[in-house]
J.: 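Following this message is one structure expressed as structure tokens.
Indexing begins at 1, ligand by ligand and atom by atom, following the structure's order. Small disclaimer: the values here were computed from a predicted structure and weren't measured.
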Amino acid sequence: MSFDTIIKGGTIVTAADTFIADLGIKDGKIAAIASNLSDSPTVIDATNRLVMPGGIDSHVHIAQPGAVEVVMAEDFNSGTIAAAFGGNTTVMPFCLQKKGQSLREALKIYHKEAEGRCHIDVSFHLILTDPNPGVLGQELPALVEEGYTSLKVFMTYDDMVLKDRELLEVMAAARRTGAFVMVHAEGYDTIRFLSDALEAEGKTAPYYHGPSRPAAVEREATHRAISFAEITDVPIMIVHVSNREAMEEIERARRRGLNISGETCPQYLVLTEDDMDREAMEGAKFVCSPPPRTNDDQEACWEGLQHGIFSVFSSDHCPYRFAEDGKLTPKSAQGFRWVPNGIPGIETRLPILFSEGVSKGRISLNQFVALTSTNHAKTYGLYPRKGSIAVGADADIVLWDPEEKRTIDQADLHHGCDYTPYQGLEVTGWPVMTMLRGRVVTEGDTLLSETPEGEYLKRDVSPFTSQKQAL
Ligand code: URP
Ligand code: ZN
Ligand code: ZN
């Protein structure tokens, strides 16, 4: 058999196995995994490199409009380039339905933004902010059929929060349609109550973003979301879990046999509440929700990753520049509640988990692959086309140097943001080549895909909803 490309002598890592072999690629697919493959015009030497499925980041925000004066610091071109340099081959941004808007209207806008600009593959989750009977009864079932098989709901934020009854209606609709529900679990009223009290005391600096939404706020909402999922009998994913108490809610639910999944993110492993305690507005660079918490909460997030309470590790990339159109809007100076929530991380997710996790002996190589790629593909209906090194799968591959040492530096990154919250973090392990369907997108510090070749991916219904499976 002849191949378009052979990757030779690398250590192939999947969620299950680690072994040395050659990999043959033909027509964008993995065609062979064997020793001593030959017959290809292109041979890539992968000696001393890990050969892993490209990262899948199932929680990113790209070109998502926020408040009028605020601009998200990422479009599909810059976002997918940054993701590729970070070792990713698929990203799943959100398509935000504004109140009064139909889901199809919202999707049209995002597809137009993404069209022709993506250097890696992309697939959208829906954000439901207006779950009226038409949306839940007509639009959602049709869109699930068309491959939009997941949606996110918010339990907080003025412009996105759903009432408890609405959450239940969305979950019931998910049960009927097979849509997989992701939940932002923080309680709206408790945050408002605490924010008002802090403001009344003159506590308005970015640091107070943390005390305005302590762990109990997240724990309560997580418990409520899980109870609603139990009542409506649907699997759900609690996204961006930041602390021990919320992690334990998920753990307890799973022990009780409920089909509840969890996601955590880099900010909850390497940042703490102290990062928001900086001079003037510097702390705003770390304002995201839920906020980074304590060292013990970091430890709990590691336990969640190690023991499968969290099946996916995502970036929650949500970048705003440290400028007037981002973190520093005129209103931000009035208090923490006006600082746009979200931080960048699309390019640094894999190096941070590899370095802090694999290099420091907290997780295995196979867990790394599961948490950054395979479980995302399985959860969101892309497996086995994506998320593994297997014959027949798309040749979406990252070559990784496990020994390369880098200090994360904004000057080296490709994202649209003007800062990184991980500035100065020393990491061991770095992606040296990212390949999408057999074509090299990035090599070292060079972008090789001048024409964006990323495709839009329709997804199957999650096996969690269709077969009641869990990871
Ligand atoms: O602060 C965050 N995480 N902003 C992004 C929006 C979200 O809730 O995921
Ligand atoms: Zn969220
Ligand atoms: Zn998010």
Side-chain angles (χ1 to χ4, degrees), residues 57-67 70-74 79 83 91-98 110 123-129 150-162 167 170 180-188 191 195 206 209-210 212-213 217-218 221-222 224-225 236-243 246 261-269 271 273 275-276 283-293 301 310 312-322 326-327 329 332 336-346 349 376 380 415-417 419 421:
D57 195 342
S58 60
H59 188 151
V60 301
H61 303 265
I62 296 177
Q64 186 178 304
V70 177
V71 182
M72 181 157 281
E74 206 75 89
V91 285
M92 295 188 206
F94 292 90
C95 164
L96 166 66
Q97 174 205 28
K98 294 199 166 168
Y110 283 81
S123 190
F124 293 123
H125 307 287
L126 303 163
I127 291 178
L128 260 61
T129 63
S150 50
L151 61 89
K152 184 176 175 191
V153 287
F154 284 78
M155 298 171 78
T156 189
Y157 292 135
D158 286 330
D159 47 351
M160 301 204 216
V161 60
L162 299 189
L167 290 169
V170 170
F180 185 62
V181 179
M182 308 158 81
V183 182
H184 179 126
E186 289 185 295
Y188 178 79
I191 294 169
S195 300
H209 174 73
S212 78
R213 47 222 304 150
V217 165
E218 193 181 338
T222 303
R224 188 157 33 110
I236 59 167
M237 166 77 72
I238 306 290
V239 293
H240 46 47
V241 177
S242 72
N243 71 84
S261 306
E263 171 200 79
T264 193
C265 313
Q267 50 270 40
Y268 307 121
L269 300 182
L271 302 178
E273 58 199 356
D275 284 297
M276 283 178 287
K285 289 181 177 174
F286 303 86
V287 166
C288 59
S289 292
R293 301 197 187 272
C301 288
F310 302 138
V312 289
F313 182 75
S314 310
S315 67
D316 193 6
H317 178 71
C318 187
Y320 297 102
R321 274 181 282 274
F322 195 60
K327 291 286 186 182
T329 64
S332 303
F336 61 84
R337 79 162 90 196
W338 302 108
V339 175
N341 283 203
I343 59 176
I346 205 165
R349 173 184 72 124
H376 299 253
Y380 295 107
H415 62 189
C417 202
Y419 78 94

J.: For the pair His61 and Phe94, name the ring-plane relationship: parallel under 30°, tilted 30 to 60°, perpendicular over 60°.
T.: parallel
J.: Using distance alone, determine whether Val287 and ligand 1 share an N or O pair under 3.5 Å.
T.: no
J.: Look at the N, O or S atoms of Phe154, main chain and side chain alike, and state whether any lies under 2.8 Å from the Zn ion (ligand 2).
T.: no
J.: If we ignore angles and hydrogens, is there a donor and acceptor under 3.5 Å between the side chains of Asn341 and Tyr320?
T.: no
J.: How far is atom 4 (N) of ligand 1 from its nearest protein heavy atom, and which residue and atom is that?
T.: Asn341 O, 3.3 Å
J.: Select one of side chain, backbone, both or neither to describe which atoms of Cys318 lie under 4.0 Å from any atom of ligand 1, heavy atoms only.
T.: side chain
J.: Any side-chain donor-acceptor pair under 3.5 Å between His209 and Ser289?
T.: yes
J.: For Ser58 and His376, which I'm curious about, is there any donor-acceptor pair between the side chains at under 3.5 Å?
T.: yes
J.: Hey, does the Lys NZ or Arg CZ of Lys327 hover above the aromatic six-ring of Phe322, less than 6.0 Å from the centre and inside 45° of the axis?
T.: no
J.: Looking only at heavy atoms of Phe154, does any of them come nearer than 4.0 Å to an atom of ligand 1?
T.: yes
J.: May I ask you to decide whether Arg293 forms a salt bridge with Glu273, counting only side-chain N to carboxylate O separations under 4.0 Å?
T.: no
J.: Need the ligand 1 atom indices (1-based, order shown) with element for anything under 4.0 Å from a heavy-atom of His240.
T.: 7 (C), 8 (O), 9 (O)
J.: With the Zn ion (ligand 2) as the point of reference, which N/O/S atom of His184 is the closest?
T.: ND1
J.: Looking at His184, which atoms of ligand 1 are within less than 4.0 Å of one of its heavy atoms?
T.: 7 (C), 8 (O)
J.: Strictly under 2.8 Å, is any N, O or S atom of Cys318 next to the Zn ion (ligand 3)?
T.: no
J.: Looking at the Zn ion (ligand 3), which N/O/S atom of Asp316 is the nearest one?
T.: OD1
J.: Among protein heavy atoms, which sits nearest to atom 1 (O) of ligand 1, and what does the distance come to when rounded to 0.1 Å?
T.: Ser289 N, 2.7 Å
J.: Run the numbers on Asp158 and Tyr188 for side chain to side chain donor-acceptor pair (under 3.5 Å), then give the verdict.
T.: CA-CA 8 Å; Asp158 286 330; Tyr188 178 79; 2.5 Å; yes
J.: Side chain or backbone of Lys152 under 4.0 Å from ligand 1, or both, or neither, by non-hydrogen atoms?
T.: side chain
J.: Just which atoms of ligand 1 are under 4.0 Å from any heavy atom in His59?
T.: 9 (O)
J.: We want to know whether His415 and Glu74 form a side-chain donor-acceptor pair, criterion being a heavy-atom distance below 3.5 angstrom.
T.: no
J.: Output yes if His59 passes the N/O/S-under-2.8 Å test against the Zn ion (ligand 3); output no otherwise.
T.: yes
J.: Out of all atoms in ligand 1, which are within 4.0 Å of some heavy atom of Cys288? Include the element for each.
T.: 1 (O)
J.: Counting only heavy atoms closer than 4.0 Å, does ligand 1 sit against the backbone of Asp316, its side chain, both, or neither?
T.: side chain
J.: Indicate yes or no for a side-chain donor-acceptor contact from Asp57 to the backbone of Val91 under 3.5 Å, with no hydrogens or angles considered.
T.: no
J.: Quick one: are the ring centres of Phe180 and His125 less than 6.0 Å apart?
T.: no
